[in-house]
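Chain identifiers are assigned alphabetically (A, B, ...) following the order of the sequence lines, protein sequences preceding nucleic acid strands; residue numbering begins at 1 within each chain. Computation of the quantities below employed the complete heavy-atom set of this structure, encompassing side-chain atoms and omitting hydrogens, waters and symmetry-equivalent molecules.
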There are 2 protein chains.
Amino acid sequence: MVGIDDVARRAGVSTATVSRALSGRGHVASATRERVEEAAAELGYVVSASASSLATGRMRNIGVVVPFLNRWFYTSVLEGAQRRLMQYGYDLTLYNLSGSSNERSTVFEQFLLRQRVDAVIAVSLELSAEEVDSLHALGKPLVGVGGPIRGVPTVSIDDVGVTRLATEHLLSLGHTVIGHIGGDVDAEMSFHMPTNRRLGWEDALRDAGVEPRPELYFPAVFTMESGYVAAKQMLGDPRLRPTAVVVASDEMAIGVILAARDMGLDVPRDLSVVGIDDHELAPFFGLTTVAQFPEQQGERAVELLMRELEQTREAEPANLQLPFELVVRSSTARPRPEREPRG
Amino acid sequence: MVGIDDVARRAGVSTATVSRALSGRGHVASATRERVEEAAAELGYVVSASASSLATGRMRNIGVVVPFLNRWFYTSVLEGAQRRLMQYGYDLTLYNLSGSSNERSTVFEQFLLRQRVDAVIAVSLELSAEEVDSLHALGKPLVGVGGPIRGVPTVSIDDVGVTRLATEHLLSLGHTVIGHIGGDVDAEMSFHMPTNRRLGWEDALRDAGVEPRPELYFPAVFTMESGYVAAKQMLGDPRLRPTAVVVASDEMAIGVILAARDMGLDVPRDLSVVGIDDHELAPFFGLTTVAQFPEQQGERAVELLMRELEQTREAEPANLQLPFELVVRSSTARPRPEREPRG
DNA sequence: GCGGGAGATGCAAGCGCTTGCGACGGCGTG
DNA sequence: CACGCCGTCGCAAGCGCTTGCATCTCCCGC
């Protein structure tokens with residue numbers, strides 16, 4: 001295994017110079033630097049991560065904690081974070097909490113605290129005060145993505161804004177009886193998000209002079225099937241007869257479209273549906289949606305972290321609100337002139 | 001930061017004893033061990049990963065390389081691997097190749113060779129001989145999941161077996177005009193898999209005395225949309241008129257179901273479809289499929305690695321074939337007595 | 001022409017563990 | 001009863017880097 005002194009010998013300098021030349025820290029004459037780089041390349045030298053870490057106290061590795069893996073949002077965030085981290089020369093070590101419930105404490109106690117990561121990104125997780133504290137006690141920066149964490153910088157979207165935008169789109173088309181299928185507050189790991197999205201729907205309606213009807217809200221759990229079931233209930237109730245529905249995620253929205261189809265309703269003629277996400281399947285189903293950009297969220301989270309890590313100054317816990325935008329496809333249209341939504 | 005000698009002092013022993021007591025290597029009187037563990041717990045001591053790695057040469061971290069993240073198969077493998085690794089006390093660092101094409105070489109040259117991982121798991125990747133060699137040169141065990149890699153232990157399923165089983169299911173129901181929608185050999189990173197799956201379809205047909213017709217095979221790219229498009233072509237061609245189709249993945253198969261529906265065909269009355277995977281959406285669509293168990297594949301890959309890592313003996317490159325099984329749902333049925341499949 | 005400063009490099013002391021080797025008793029065996 | 005072995009533990013030498021400090025050279029300005 002070729003080490004730093006092999007390189008030093010070959011380049012005719014000291015190991016200190018090799019270290020400085022390769023890391024870019026400290027002054028090295030450019031001629032010397034080239035000679036060192038050449039020697040390193042010829043020998044195929046790469047620094048030992050552990051030795052370097054031991055000496056510097058930095059692992060160049062950050063931990064990303066996600067509640068699930070099998071969901072578009074998380075993998076997208078992961079993808080963005082990974083890409084950006086690689087550019088910074090950092091590794092990403094993955095912690096997935098979806099296993100047994102005690103996996104969570106194992107992750108925290110055994111792994112995150114084990115000095116294997118310089119910082120952690122928590123995706124859509126509501127961390128307890130102790131969890132945050134234990135990380136901070138170790139001097140490990142922490143940023144959240146998705147759910148807000150008290151006292152921790154977070155990148156996210158404006159959750160009330162997205163459903164507000166979706167609802168406004170529907171209102172502008174002339175809809176007034178607009179349902180909402182959203183996350184079940186009890187069932188999710190992050191309870192703010194579903195609540196906020198519901199709020200956006202209500203706010204937009206009120207601003208338009210329409211009083212939101214509680215019976216037009218149906219809870220679901222962010223899966224296609226759950227959206228399907230909720231839609232069947234909503235559309236099957238003759239007292240409701242919504243002409244449009246805003247759905248808190250694209251996966252659920254697709255379930256809604258399928259449900260409508262199965263009930264003989266035409267989308268968008270009989271029912272307009274708009275989702276949130278711009279999931280990869282949205283174009284295929286012609287789903288109008290409010291796009292959020294999870295990859296970008298991952299990237300920004302990394303940037304926040306890097307700023308805290310590379311500079312010495314404490315980062316102000318600035319919560320970054322990322323942009324979102326309406327993508328109109330074929331699942332929304334003006335309501336039918338007749339007030340009867342059924343075929 | 002509490003270090004090993006803080007623990008040693010508190011327990012009244014040497015650091016050597018602390019190390020041995022906590023790591024379980026070497027003989028330590030059980031009374032001493034308890035005293036040490038107690039002291040460590042009281043101080044909240046956790047070993048420094050870098051110091052430990054430097055001394056032992058082991059990182060207790062393994063790299064997992066995936067071609068994409070946004071696909072059910074990969075995230076499932078990842079999930080399984082992660083869970084098992086955590087049980088062994090290992091970290092998982094994630095490398096995703098889906099970015100730019102030069103990301104691949106960066107991953108190999110800059111990261112995997114950087115002594116940050118003890119071993120690597122390559123998921124559905126055809127590694128070049130140099131890539132394999134460079135890893136072996138560093139003494140890093142390597143196991144593949146999904147695609148076979150020459151000279152490397154691999155865990156996978158019998159790709160010809162799965163489509164054979166799917167086809168036999170259809171044959172046993174009485175179908176004889178059975179189409180196949182499979183991966184496009186040119187478009188995929190792993191070229192064996194689509195070929196083998198096509199082979200399974202052909203073999204089963206031949207064994208039943210039916211000559212497979214090449215025009216009943218349609219290539220696609222493992223997405224729902226691509227399956228949809230291929231199905232439209234297949235079902236739209238009046239010369240073909242298949243009564244059933246075996247599809248190389250569930251996502252594509254769902255596309256096929258949707259296409260059939262859009263063409264006014266009833267599944268399974270007018271068309272039986274069977275997929276491969278047992279994707280999380282399969283139950284929702286009532287899709288009959290051949291289940292493979294990617295999480296299990298991830299777990300087994302880890303086990304293979306651990307055997308190679310923990311024991312000294314060289315692992316024989318035993319390729320592990322994992323089980324698969326037919327899951328019958330509502331997308332398959334006997335063909336209609338009439339030979340006319342159209343409504 | 002000389003003092004001072006800045007740039008370039010080397011020396012060597014860690015970073016916090018692990019582990020081979022040796023010391024020391026206590027106990028089983030011939 | 002003496003010998004040797006084994007279980008238990010400490011000593012100290014690394015593991016392969018990084019970096020503060022010292023040294024030396026060269027150049028600049030007065």
Subject >> Separation of D/dC9 C1' from B/R33 CZ (nearest whole Å) >> reply: 13 Å

**OP:** Decide whether a cation-pi geometry holds between B/R71 and B/Y74; the criteria are a distance under 6.0 Å from NZ or CZ to the six-membered ring centre and an angle within 45° of the ring axis.
**Re:** no

Original post:
Under 4.0 Å: is that the gap between some side-chain N or O of B/S48 and OP1 or OP2 of C/dG16?
Top reply: no

**OP:** Please determine if a side-chain N or O atom of A/T17 lies less than 4.0 Å away from the OP1 or OP2 oxygen of C/dG10.
**Re:** yes

**OP:** Round to the nearest Å and state the distance from B/R116 atom CZ to D/dG16 atom P.
**Re:** 17 Å

Original post:
Side chain of A/A29: nearest nucleotide among C/dA8, C/dC17, C/dC11?
Top reply: C/dA8

**OP:** Using atom NE2 of A/H27 as one end and atom P of D/dA22 as the other, report the distance to the nearest whole Å.
**Re:** 17 Å

Original post:
Do the side chain of A/Q321 and the main chain of A/D158 share a donor and acceptor less than 3.5 angstrom apart?
Top reply: yes

Original post:
Between the side chains of B/T75 and A/N70, does any donor sit under 3.5 Å from an acceptor?
Top reply: yes

**OP:** Please report, rounded to the nearest Å, how far the P atom of C/dT18 is from the CD1 atom of B/I4.
**Re:** 5 Å

Original post:
Hey, is the main chain of A/E79 close enough, under 3.5 Å, to the side chain of A/E295 for a donor-acceptor pair?
Top reply: no

Subject >> Closest-nucleotide ordering on DNA chain C, the 5'-leading residue of A/A51 and A/G26 >> reply: A/G26

Original post:
Looking across every strand, which nucleic acid part, if any, lies under 4.0 Å from B/T32 by heavy atom: base, sugar-phosphate, or nothing?
Top reply: sugar-phosphate

**OP:** Mind calculating the distance between CG (B/D5) and C1' (C/dC17) to the nearest angstrom?
**Re:** 9 Å

**OP:** Mind calculating the distance between CG (A/L54) and C1' (D/dT18) to the nearest angstrom?
**Re:** 10 Å

Original post:
Hey, is the side chain of B/S52 poking within less than 4.0 Å of OP1 or OP2 on C/dC17, counting only N and O atoms?
Top reply: no

Original post:
Under 4.0 Å between a side-chain N/O of A/R25 and OP1 or OP2 of D/dT19, yes or no?
Top reply: yes

**OP:** Take the protein atom CZ of B/R35 and the nucleotide atom P of D/dG10, then report the distance between them rounded to whole Å.
**Re:** 9 Å

**OP:** Return the nearest nucleotide to the side chain of A/T56; candidates are D/dA12, D/dT19, D/dC17.
**Re:** D/dT19

Original post:
Mind checking what makes salt bridge (Lys or Arg N to Asp or Glu O under 4.0 Å) contact with A/E42, not counting sequence neighbours?
Top reply: A/R10

**OP:** Give the rounded distance in Å between these two atoms: CG of A/L43 and P of D/dG16.
**Re:** 15 Å

**OP:** Report the nucleotide, chosen from D/dC21, C/dA8, C/dT18, that has the shortest atom-to-atom distance to any side-chain atom of A/R20.
**Re:** D/dC21

